[in-house]
Peer 1: 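Sharing a structure with you now.
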Amino acid sequence: MSILLDSAAMSSSLGLNDNGDQSKAIFFNPSLLQKQTNLPKQFIWPNAQTSTNHLHEELNEPLVDLEGFFKGDEEATAQAVQLIRTACSRHGFFQVTNHGVDGGLIREAQDALAAFFELPIDEKLRVRRKKGTELSGYSGAHADRFGSELPWKETFSFGYRFESCRNSGGKPAVVDYFRSVLGQDFEHAGQVYQKYAEAMKELSLTIFQLLGISLGVGPSEYSKFFEDGGSLTRYNYYPPCKQASLTFGTGPHSDPPALTILHQDQVGGLQVFSDDKWLTIPPRRDALVINIGDTFMALSNGIYKSCIHRAVVNEKRERRTLAFFVNPREDKVVRAPEGLVDREGGGGGGCGGGGGGGRKYPDFKWFDLLEFTQFHYRADSATFQSFCQWLSSSKPTHDF
Ligand SMILES: C=C1C[C@]23C[C@H]1CC[C@H]2[C@]1(C)CCC[C@@](C)(C(=O)O)[C@H]1[C@@H]3C(=O)O
Ligand SMILES: O=C(O)CCC(=O)C(=O)O
Ligand SMILES: [Fe+2]
């Protein structure tokens, strides 16, 4: 148990109070554990081994080419809209090409934080995220938050507001965050992620226009709603794992925000649960993966699905993904447009939503859903239905 002793010593050397959380953050660190043959039981997910982790059936959806939309080509736009409508009615996932985000910037964004995850654990823990609704910073397997079913990943996250993308001093907020939190060595990374977040914001507003057209409520219904929204960029680093089939990089869940734009490297591992089976989302070099989150499922009155998905890990290869999560301004009321209230929802696909007429969900604010996932409920496959019950009972479902 030398690691435990080291971790206690490490905790005190870090000036961390040596409560269990901090020692766990060191002990249950995937980078440090990746050479171990036996996975600590905290990383074992009961239903992982029974799942068809290594299936190779792919989600067979055509790519959505955005070039025609950007050029104002009506026929190409109608084609893209139809593909989006079909995908979002079924499982909420589609891949976009000719999305307007520079390929070189994406490559830089994939590489710029790689060096961070190779830092010694004590340096990574100096920028660890704190419990609460501020999700920025480093996390190792969420070992300070959860006691079991730990995800085999390390993450680094930062926020970016769509309107005031400069901090109070007028500096670009992401550049300032990286400089102040990670220091001079990551100054360039801050500039890369500032540009990346700005490009992701523009793409997300384009996607909201297409979603509005596809639902028949018009291009600006959602894009205007999110103009003053916010986002969380999360870099997921999944080290190789000797017992990959016993754990998950990210366990089964739906995303609580409205929209996720994910870039994945060529290793593969993202799977979506659709029509009662797990299907792999194939990595495509020039594409970005888009998925609907719980908040947009509510804004579509359940016509579109926020689907359960997960990330499996690899015995031999590390995997890296960059997720951009979009949320409305924290205090805005999330409520589907009137025109969708008496529309028949699709139903099926195991992703919630669907059913007959009327409003399917209570009004809520993003801050409430975020608070729910950070203080009362670990986001999983049933987050949103639990949240709706919690809202009506206005007490936590369970703490973790
Ligand atoms: C609102 C959020 C909570 C999570 C980060 C954002 C959007 C995705 C959520 C998450 C990734 C879903 C899977 C479980 C989770 C705990 C994780 O693995 O990180 C979730 C995030 C979180 O609670 O930090
Ligand atoms: O890394 C992946 O492939 C998916 C991660 C994910 O679903 C998430 O972070 O919400
Ligand atoms: Fe997700």
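Both ligands and their constituent atoms are indexed starting at 1 by order of listing. What you see is a predicted model; the values in this text were computed from it and never measured. These numbers come from the heavy atoms of this one structure, side chains and all, not from hydrogens, waters or symmetry mates. Numbers here simply count residues along the sequence, with the first being 1.
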Peer 1: Below 4.0 Å, non-hydrogen atoms only: which portion of Pro257 touches ligand 1? Side chain, backbone, both or neither.
Peer 2: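 It is the side chain that touches ligand 1; the backbone stays farther off.
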Peer 1: Check each heavy atom of Arg145 against ligand 1 and say whether those closer than 4.0 Å belong to the side chain, the backbone, both or neither.
Peer 2: side chain
Peer 1: Listing by chain and number, which protein N, O or S atoms are under 2.8 Å from the Fe ion (ligand 3)?
Peer 2: His253 NE2, Asp255 OD1, His309 NE2
Peer 1: Any protein N/O atoms within less than 3.5 Å of an N/O atom in ligand 2? List the atom names and distances, or say none.
Peer 2:
{"from": "ligand 2", "atom 1": "1 (O)", "to": "Tyr238", "atom 2": "OH", "distance (Å)": "2.6"}
{"from": "ligand 2", "atom 1": "1 (O)", "to": "Thr321", "atom 2": "OG1", "distance (Å)": "2.8"}
{"from": "ligand 2", "atom 1": "3 (O)", "to": "Arg319", "atom 2": "NH1", "distance (Å)": "3.0"}
{"from": "ligand 2", "atom 1": "3 (O)", "to": "Arg319", "atom 2": "NH2", "distance (Å)": "2.8"}
{"from": "ligand 2", "atom 1": "7 (O)", "to": "His253", "atom 2": "NE2", "distance (Å)": "3.1"}
{"from": "ligand 2", "atom 1": "7 (O)", "to": "His309", "atom 2": "NE2", "distance (Å)": "3.1"}
{"from": "ligand 2", "atom 1": "10 (O)", "to": "His253", "atom 2": "NE2", "distance (Å)": "3.1"}
{"from": "ligand 2", "atom 1": "10 (O)", "to": "Asp255", "atom 2": "OD1", "distance (Å)": "3.1"}

Peer 1: Of all residues at least two apart in sequence or in a different chain, which pass the salt bridge (Lys or Arg N to Asp or Glu O under 4.0 Å) check with Lys124?
Peer 2: Glu154
Peer 1: Could an N or O of ligand 1 be found under 3.5 Å from any N or O of Gln374, whether backbone or side chain?
Peer 2: yes
Peer 1: Backbone, side chain, both or neither: what part of Arg378 comes under 4.0 angstrom of ligand 1, heavy atoms only?
Peer 2: neither
Peer 1: Is it the side chain, the backbone, both or neither of Tyr377 that has a heavy atom closer than 4.0 Å to ligand 1?
Peer 2: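 Neither part.
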Peer 1: Of Arg284, Arg319, Arg320, which is the lone residue that meets side-chain hydrogen bond (donor to acceptor under 3.5 Å, both in side chains) with Gln264?
Peer 2: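 It is Arg319; the other options fail the test.
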Peer 1: How about Phe387 and Phe372: are their ring centroids closer than 6.0 Å?
Peer 2: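 Yes - the distance between ring centres of Phe387 and Phe372 falls below the 6.0 Å cut-off.
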Peer 1: Which protein heavy atom lies closest to atom 11 (C) of ligand 1, and at what distance to 0.1 Å?
Peer 2: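 For atom 11 (C) of ligand 1, the nearest protein heavy atom is Arg234 NH1, 3.6 Å.
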Peer 1: Can I get a per-line list of side-chain donor-acceptor pairs under 3.5 Å for residues 69-76, giving both atom names and the distance, sequence neighbours left out?
Peer 2:
{"from": "Lys71", "atom 1": "NZ", "to": "Glu67", "atom 2": "OE2", "distance (Å)": "3.1"}
{"from": "Asp73", "atom 1": "OD1", "to": "Glu75", "atom 2": "N", "distance (Å)": "2.9"}
{"from": "Asp73", "atom 1": "OD1", "to": "Ala76", "atom 2": "N", "distance (Å)": "2.9"}

Peer 1: Do any nitrogen or oxygen atoms of Asp255 lie less than 3.5 angstrom from nitrogen or oxygen atoms of ligand 1?
Peer 2: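 In this structure, Asp255 places no N or O atom under 3.5 Å from an N or O of ligand 1.
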